[in-house]
Trainee: 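To start, I am sharing the structure in question, which I have written as structure tokens.
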Amino acid sequence: MEAPLIQVKDLVKYFPVKKLFITVGQVHAVDGVSFEIMRGETFGLVGESGSGKTTLGRLMLRLLTPTSGDVVYNGRSIFELEGGELKEFRRRAQIVFQDPYTSLNPRMTIYDILSEPINVHKIRIPDKREYIVKLLETVGLGEEHLYRYPHEFSGGQKQRIAIARVLALRPEFTVLDEPTSALDVSVQAQILNMLKELQSEFKFTYLFISHDLSVVKFMSHRIAVMYVGKIIEVAPSDDLFSEPLHPYTQMLLSALPVPDPKYTRSKQIIKPRGQVPSAISPPPGCRFHPRCPFAREKCKAEEPELREVKPSRLVACHLYS
Ligand code: SF4
């Protein structure tokens, strides 16, 4: 069996909460997360705002230092890389940010924006201009856009340019952090289809972060669901939607609107109680227990482990122990 490209091992990231320079608490942004991503796979990460998805993506690119735990890329811990090895990792692992309006320097032309990673990483190409025109064509733009500035483009075109900048380095692994959430629905579809086509052409591996379940389903081979810093379910995309196991996943899916006026729900909608707890003082035991309609005494005291309950199905819930 092929070895995974990335292994996340018991990763933890706490941010201090300070008042008058004194640490009074910690935000448990990512709290003991483990999973693997195979080469060529799209691994989806869903969860509500503040569940730790973006922090996890940034830890996996070494844009943040973890409190503890490790990320192993191609068999090496990314936190041990230095010098030339770290620079090579920076070339291989890239990110597309959520907001295309702020991720491009407004003072640079598109040619300069796309030249920058090539220059920084000293990519040897016979004709840089021709290479950049090809990159633009790959994302549906053209030579006529070369010397324009970011403000001359729509949101969808800006995101295409941001993706072309990533493609310039031919990365193996890309974190797509809500890459279409700032775009209109019709433009979203174009960008998502383009990302899929690029993956099949260049064998990219993606971590696809989103709070939009239908978008994640469309893009991902497997999906992990996050809740207050923890992964509570991992499943192949179709299985998660046809048979969600964790009560929180069931709740998320039952709230998903169905675009069919004749549709009537055959299953009962699971309504959670209360609000998402604070990541500064998460509840003891299962973090979902104050909201879970199936909570029992054990759930308040004992934290459920993420474990395999069926082939390829991992769930952290006492209902399955
Ligand atoms: Fe609900 Fe208990 Fe399962 Fe948590 S462990 S999701 S509280 S049943």
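Every number for a ligand or one of its atoms is a count from 1 in the order of the listing. Numbers for residues simply follow the sequence, beginning at 1.
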Trainee: Under 6.0 Å from the CD atom of E137, do we count more than 12 heavy atoms belonging to anything else shown?
Mentor: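 Buried by this count: over 12 neighbours within 6.0 Å.
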
Trainee: Show, in sequence, the C-alpha distance, side-chain angles and deciding distance for R91 and E88, and conclude whether the salt bridge (Lys or Arg N to Asp or Glu O under 4.0 Å) test is met.
Mentor: CA-CA 5 Å; R91 187 195 69 74; E88 178 58 16; 3.2 Å; yes

Trainee: Would you say CD of E144 has more than 12 non-hydrogen atoms from neighbouring residues, nucleotides or ligands within 6.0 angstrom?
Mentor: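 Above 12, so yes.
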
Trainee: Tally every protein N/O/S atom whose distance to atom 2 (Fe) of ligand 1 is less than 2.8 Å; waters are neither shown nor counted.
Mentor: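 Total protein N/O/S atoms under 2.8 Å from atom 2 (Fe) of ligand 1: 1.
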
Trainee: Answer with yes or no whether H246 contacts ligand 1, where contact means a heavy atom under 4.0 Å from a ligand atom.
Mentor: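 Under 4.0 Å: yes for H246.
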
Trainee: Please round to the nearest 0.5 Å and tell me the distance separating atom OG1 of T65 and atom NZ of K13.
Mentor: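 NZ of K13 is found 5.5 Å from OG1 of T65.
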
Trainee: Would the number of heavy atoms belonging to other residues, nucleotides or ligands and lying under 6.0 Å from NZ of K128 be above 12?
Mentor: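 Atom NZ in K128 is packed in, count exceeds 12.
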
Trainee: Of L114, T138, T174, which is the lone residue that meets side chain to side chain contact (heavy atoms under 4.5 Å, CB included) with L167?
Mentor: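 Result for side chain to side chain contact (heavy atoms under 4.5 Å, CB included) with L167: T138.
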
